Amino acid sequence: MLHRADPWTLAATGLVVIALVAGLVSTLKAGPVDRDEVIAVLALGVVGLLTAVRDTWVTPVAAAVLVAAEVRDPAPAATWAVAGGLLLLFSLRRPRLDALAAGVVFAVAAALADLPWTDGVLGGGSFGLITLAAAAVGIGQWVQAQRRYMAAELGRRQEEAERRRQEVTRHVAEERLRISRDLHDSVAHHFAVVSIQTNLARAQLTASPAAADRALQDVQTAARSALEELQLLLGVLREESDAVPLLPDVSSEDVDELVASYRRTGLDVESAGADVLALLPAPARAAVYRVLQEALTNAHRYGDGRASATFAHVDQEVQLTVRNAIDPSAVAISHGGGRGLPGMRERIADLGGVVQAGAEARDFVVRARVPLSPDPVAQRGSSAERVA
């Protein structure tokens, strides 16, 4: 009991021990008294203290007997303190109704022991003991209420700490997804261009040095772009602010340059309507740009060398459609097995939009729809679902 006790339990235990020692000393120093009766009272106090460890009803019964003995004979000294301490120990560890019942038994024992000696009228000593019972029960229940409050507060703080930990974990997971998408969509794209143009330069090195030189220039441009975007990504990783963009603001000119870069790799691309990108906020323009980039990369890998990209403003949405014919001799198109198509869907879902991608007749078509005013609730919901 002492090992897991609080200060109130220790204080009540100390009170009982001190009162028992005081009673024993007073008995040894007293004159002719019934020492057997006194020793029996002290032994009852010791039994009550020992049974307080197991929270049994022996403790309050012992307190009631002691308080009755105190009313009949004040020897040994401090018997009332032993009884009050035992009642306090019981009240500190038992439910409210049990504590109230023990207090009533204590008070009734004091009153009944007092009545025969006062001609049916309670004496002042019994009133003091009844007040002691009320104080012991009241203090015990107040302490229990404080314990429950502290336990509830501790639980609330632990839940809050766990919620914050989960929020941080979710935020980190979202950032990892965001950065991995940009690594896949931009840096991987540039290195794919490097690989294609390097092979072209090798093939044209002898037959057409001018074509090889142009291919090597495209390699240099793609490598420089990859380094710039890698530096941007590293800057995001070093920056504590969440507002750092992973892609600079894009415009229709950037789209034209992207299309031109694919044309230089040998992909015949037709583009129309890129001016409607100006209707979207900057994050949405960047997301649409990445979708276009990934769709054209897939068209170059798995298509027949031709593709079209069309932008349109329809019903408070900006729609992007990328279409390319499927080359039967190319590697089979992966439907969701890689990171490209899931990355497209995640980007647009963050903006409250949707991406549809699949084969239509002999073509592979990617359609992205982005609302002009992205819904922040939808953004948070889609991010949470992916992390979960």
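Owing to the predicted nature of the structure, the values given are computational and were not obtained by experimental measurement. Computation of the quantities below employed the complete heavy-atom set of this structure, encompassing side-chain atoms and omitting hydrogens, waters and symmetry-equivalent molecules.
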Might you point out which heavy atoms bring [X] and [Y] nearest each other, and give the distance in Å?
X	Y	value
V105	A64	CG1-CB, 3.8 Å
V355	A368	CG2-CB, 3.9 Å
A62	G48	CB-CA, 4.0 Å
A287	L351	CB-CD1, 3.6 Å
L341	F364	CD1-CZ, 4.3 Å

I'd like to know if [X] pairs up with [Y] as an ion pair, taking the criterion as any Lys NZ or Arg NE/NH1/NH2 lying under 4.0 Å from an Asp or Glu carboxylate oxygen.
X	Y	answer
R323	D363	yes
R157	E160	no
E159	R164	no

Note to self: Are more than 12 heavy atoms, taken from residues, nucleotides or ligands other than Q166, located less than 6.0 Å from that residue's CD atom?
What the structure shows: yes

Notebook entry, point to check: Does atom CZ of R96 have more than 12 heavy-atom neighbours, drawn from other residues, nucleotides or ligands, at distances under 6.0 Å?
Noted result: no

Evaluate the side-chain proximity of [Y] to [X]: yes if any heavy-atom separation is below 4.5 Å, no if none is.
X	Y	result
V365	V322	no
V137	L100	yes
N298	M344	yes

Between the side chain of [X] and the main-chain N/O of [Y], is any donor-acceptor distance below 3.5 Å?
X	Y	result
R367	L320	no
Q319	H313	no
R285	V250	yes

Checklist line | By side-chain contact (heavy atoms from CB on, under 4.5 Å) - contacts of V143 (at least two apart) | finding: W8, L92, I139, R147

Checklist line | side-chain contact (heavy atoms from CB on, under 4.5 Å) involving L50 - partner list, sequence neighbours excluded | finding: V46

Margin query: Hydrophobic clustering (ILVMFWY, side-chain heavy atoms < 4.5 Å, transitive) - are L66 and L24 grouped together?
Written below: yes

Notebook entry, point to check: Is it the case that T51 and T59 place a side-chain donor and acceptor less than 3.5 Å from each other?
Noted result: yes

Item checked: Straight-line distance of F311 CZ to S252 OG, nearest 0.5 Å -> 9.5 Å

